[in-house]
Protein chains: 2
Amino acid sequence: MQQVNHVPHQANLDAVFAALADPTRRAILTRLADGEASVGELAEPFRLSQPAVSKHLKVLERAGLIERAVDRQRRPARLKAGPMRDAVHWLEEFSQFWSTSFDQLDDLLEELKRSES
Amino acid sequence: MQQVNHVPHQANLDAVFAALADPTRRAILTRLADGEASVGELAEPFRLSQPAVSKHLKVLERAGLIERAVDRQRRPARLKAGPMRDAVHWLEEFSQFWSTSFDQLDDLLEELKRSES
DNA sequence: CTGTTGCATAACCAGATGGTTATATATAAT
DNA sequence: ATTATATATAACCATCTGGTTATGCAACAG
């Protein structure tokens with residue numbers, strides 16, 4: 001049976017959130033949403049050395065957010081969905097456990113604060 | 001005018017995702033979803049020193065995920081909604097930009113992969 | 001005043017992170 | 001065979017992180 005249930009795997013949540021914590025990596029992901037890209041193509045817009053980009057890609061790969069292909073000398077990266085969804089799920093479950101919806105939370109907390117004081 | 005629009009602020013996204021990348025801190029947040037708690041109350045379930053918990057709380061506070069109150073000697077922490085919502089929004093906008101929904105993404109990527117090869 | 005409780009802060013440490021340059025490797029082009 | 005291109009890897013560095021113990025300080029309790 002193929003893995004279908006995406007129970008947010010605690011260990012990977014660490015890696016996923018850590019990967020998302022860097023603005024360059026988020027930009028890389030956004031770029032990849034537009035289609036696969038090689039290391040060189042990714043390095044160009046950022047003023048970053050090629051090895052730096054390779055490192056970022058390795059972080060994203062370890063987090064499972066991307067996968068690498070092989071195309072001649074190029075090793076293009078493309079997005080993978082699962083882990084990002086795990087992150088969303090954690091946040092959603094958290095918000096659900098916490099309260100009803102994020103959109104009501106600030107108001108709700110304000111209210112609580114007022115009623116306590 | 002009060003801040004109402006929660007445009008995901010890039011700088012804080014760094015701090016928010018970084019804060020969420022630690023399992024202890026996620027556990028602290030989950031605990032706080034149950035109600036405010038003092039440093040001591042938070043330190044007890046984890047086998048962590050009190051200063052370690054204080055440090056985690058400072059990280060969460062810098063990310064804007066919690067706020068501290070003053071109650072006699074205690075300095076209880078409580079959740080704040082905004083930044084977490086920013087994180088959700090980033091992920092949602094990303095998924096939207098990327099494709100239609102996370103639930104369809106893996107299938108979609110699989111399909112793309114197949115049609116390319 | 002004295003002691004205790006709750007927390008913060010400082011000083012320290014090992015290991016991770018994010019960047020660099022230099023070098024190696026593999027594929028392509030000449 | 002040589003050279004050029006695309007990427008990886010190594011070695012190095014400064015800074016950040018997550019933990020510790022030791023200490024300081026403010027707010028009670030006696």
Side-chain angles (χ1 to χ4, degrees), chain A residues 10-32 35-79 83 87, chain B residues 10-32 35-79 83 117:
Chain A
Q10 181 78 333
N12 245 30
L13 268 186
D14 289 16
V16 170
F17 281 128
L20 294 176
D22 185 277
T24 302
R25 282 192 295 263
R26 287 198 304 275
I28 288 178
L29 290 175
T30 301
R31 165 62 187 81
L32 289 179
E36 70 167 29
S38 68
V39 174
E41 289 162 355
L42 290 170
E44 191 264 327
F46 313 100
R47 279 171 83 256
L48 264 187
S49 64
Q50 168 262 310
V53 172
S54 284
K55 276 192 176 184
H56 280 306
L57 290 180
K58 192 150 289 184
V59 171
L60 291 169
E61 194 178 13
R62 265 194 2 232
L65 288 165
I66 65 167
E67 59 187 2
R68 312 295 303 272
V70 174
D71 167 42
R72 301 165 175 263
Q73 311 109 297
R74 304 183 8 171
R75 218 127 304 172
R78 68 156 58 111
L79 293 176
Chain B
Q10 180 79 334
N12 245 28
L13 268 187
D14 289 15
V16 170
F17 280 128
L20 292 176
D22 185 277
T24 302
R25 283 191 296 261
R26 288 198 303 276
I28 288 177
L29 290 175
T30 302
R31 164 63 187 81
L32 289 180
E36 70 167 28
S38 69
V39 174
E41 289 161 355
L42 290 170
E44 192 263 330
F46 314 100
R47 280 170 83 256
L48 265 187
S49 64
Q50 168 260 310
V53 172
S54 284
K55 275 192 179 185
H56 280 305
L57 291 180
K58 192 151 286 184
V59 172
L60 290 169
E61 194 178 14
R62 267 195 359 233
L65 289 165
I66 64 167
E67 59 186 2
R68 312 294 303 271
V70 175
D71 166 43
R72 301 166 175 262
Q73 310 110 299
R74 301 185 346 132
R75 217 128 306 169
R78 67 156 58 112
L79 293 177
S117 55

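Letters A, B, ... mirror the listed sequences (proteins, then strands); counts begin at 1.
C/dC7 atom C1' lies 8 Å from atom CZ of B/R68, rounded to whole Å. Note: CD (A/Q73) to P (D/dA6) measures 7 Å, nearest angstrom. Straight-line distance from the CG atom of B/D14 to the P atom of D/dT15: 19 Å, rounded to whole Å. Regarding B/E44, its CD atom lies at a distance of 13 Å from the P atom of C/dC7, rounded to whole Å. Summarising the geometry, the separation between CZ on A/R47 and P on C/dT21 is reported as 12 Å, rounded to the nearest angstrom. Per the geometry, NZ belonging to B/K58 stands 10 Å off C1' belonging to C/dC7, to the nearest Å. Per the geometry, CZ belonging to B/R75 stands 8 Å off P belonging to C/dC7, to the nearest Å. What separates CG of B/D71 from C1' of D/dC28 is a distance of 12 Å, to the nearest Å.
Proximity note for A/R62 (side chain, C-beta onward) versus D/dT20, D/dT7, C/dT17: the nearest is C/dT17.
Residue whose closest nucleotide on DNA chain C sits further toward the 5' end, between B/R74 and A/D22: B/R74. Both B/P51 and A/L48 sit near DNA chain C, but only B/P51 has its closest nucleotide nearer the 5' end. Residues A/S38 and B/A52 both approach DNA chain D. Their nearest nucleotides, taken by heavy-atom distance, put A/S38 toward the 5′ side.
For the residue pair B/I28 and B/F46, the shortest heavy atom distance occurs at CG1-CE1, 3.9 Å. The two residues B/R75 and B/R68 come nearest to each other via the heavy atoms O-NH2, 2.7 Å. A pairwise comparison of heavy atoms in B/S54 and B/V39 identifies OG-CG1, 3.9 Å as the closest pair. Nearest heavy-atom pair across B/D14 and A/P23 is OD2-CD, 3.3 Å.
A donor N or O paired with an acceptor N or O is not found under 3.5 Å between the base of D/dA6 and the side-chain atoms of A/Q50.
Phosphate proximity of C/dT9 to B/K55: absent, as no side-chain N or O sits under 4.0 Å from OP1 or OP2. The side chain of B/R72 contributes no N or O atom lying less than 4.0 Å from OP1 or OP2 of C/dC7. Within the 4.0 Å cut-off from OP1 or OP2 of D/dA8, at least one side-chain nitrogen or oxygen of A/S54 is found.
To the nearest 0.5 angstrom, B/L65 atom CG is 11.5 Å from B/L57 atom CG.
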